[in-house]
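Computed over heavy atoms, backbone and side chain alike; hydrogens, waters and symmetry mates excluded. In the text below, chain A, chain B and the rest are named by the order of the sequence lines, each starting its count at 1.
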Amino acid sequence: MVTEPAMDAVGEEPERVARARNGDVAAFEGLYREHVGRVHGLCLRMTGHPATAEDLTQDTFVNAWRSLPGYEGRSRFSTWLHRIAVNAVLAQRRAPRSRHEVSMTDDEGATMEFEADQQMDEATPIDLERAIAALPPGARDIMVLHGIYGYSHEEAAGMLDLAVGTCKAQLHRARQLMRARLHAEQQS
Amino acid sequence: MTTIPFGRGPQKDPLLAQASKLPEEIAPPRDLWPAISARLVKRVRAAPRRFSWPLALAAGLLVASVSALLTWGLMRDPGPALGENLLAGATVIEAAPMPVSYGPNSALGAAQLKTRDELLVQFRQRLEQLPPQTRATVVRNLEIIQRAADEIDAALAQDPASGLLNGLLLSTYREELKIYAQVVTSGDALMRRT
């Protein structure tokens, strides 16, 4: 029996985006299914809090739906979606009453470190994940975007609304903190 | 246990190399689609509205001075005692954008809007006790904020992740809250005088 080859994801996505722009909810659900893992992973790693990550993942897709008419395809859909996700995370941190009262500034990094350490699933198989979760927010953001998701310093700086030099400095700090933590774990 | 050698340069940093191997996808523990689809509003395809960054910026900057001018106006003109001119200016109040309406691209959280709703109840009561001229000033300021919110929303449709636009949106929202708070406070002062 001859079957038709499945449409490849690369060819399928622009069509889905076009249909979703025209108000096709089913097409948008397809985009959700395709991208939810990466968006949720990004939100979870940037917040270190599972419940907040779920809320922000929802906010990301709702905001994307609202903004789709303005999406002109100049960047990849996944990049555009990630920008919305990062913005949702940053807005949540800026909110007067943060949903889970997560510390925001680097000066409060120690508090964040302790909280993040408790929030992460103890069964997390990779020590590296937990070391990233324990970073203060600024350093963690750039480690997640640049280190895990592969965005360049320029792209990450654009997403975080920071100078490129600041991103590089934060990455340097993140590496130092992670080394220290992993070293301490090795010693214990 | 992951072993991380020390002392490498950033180009060959084993930490970054290992981070890049972590899975990008982490599926949420439950299907979020039902909750998301319930929040999607039906929309009809429309021609994207043209927007101008300068317009959004100018509107946002104008808003920044609104509550300061209102404070000055309220202090300068305390108005007549409670009970005078209560009916005058009712039409102006009815036509006022209260609360300010933020468009579909303006992602204000439910918690933020709840704060506003709570303040709005007191604001409406106090506003009726202010003299007509002051009420008209308040309404004009809310109209400025509404226009700014519209411009910023149109700009956000094009660039939803813009930190600048989202900052303008947040400060516009805060100015709206400030106006409500100032009117409530001035109403308290008015009550003390009577």
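Closest approach of A:R33 and B:W33 over heavy atoms only: NH2-CB, 3.5 Å. Scanning all heavy atoms of the two residues, the minimum distance from A:Q58 to B:A35 falls at OE1-CB, 3.5 Å. The two residues A:E54 and B:P29 have their closest heavy-atom pair at OE2-CG, 3.1 Å. Here the shortest heavy-atom pairing between B:L164 and A:D161 reads N-OD2, 4.1 Å.
Heavy atoms of A:L160 lying under 4.5 Å from chain B are absent altogether. Only the side chain of A:Y32 comes within less than 4.5 Å of a heavy atom in chain B; its backbone stays farther off.
Side-chain contact check for B:I36 versus A:E29: every heavy-atom pair is 4.5 Å or farther apart.
Rounded to the nearest 0.5 Å, atoms CD (B:E25) and NE2 (A:H35) are 9.5 Å apart.
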Q: Verify side-chain contact (heavy atoms from CB on, under 4.5 Å) between A:M143 and B:L16, making sure each step is shown before the conclusion.
A: CA-CA 8 Å; A:M143 176 55 79; B:L16 288 178; 3.9 Å; yes
Q: Could you go through the side-chain contact (heavy atoms from CB on, under 4.5 Å) check for B:N166 and A:L90 one step at a time?
A: CA-CA 10 Å; B:N166 280 286; A:L90 299 180; over 6 Å; no
Q. Between B:K21 and A:L128, is a side-chain contact (heavy atoms from CB on, under 4.5 Å) present by the stated rule, with each step listed?
A. CA-CA 11 Å; B:K21 290 177 188 166; A:L128 199 60; over 6 Å; no
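The existence of a salt bridge linking A:R66 and B:D153 is excluded, since no basic side-chain nitrogen approaches an acidic carboxylate oxygen closer than 4.0 Å.
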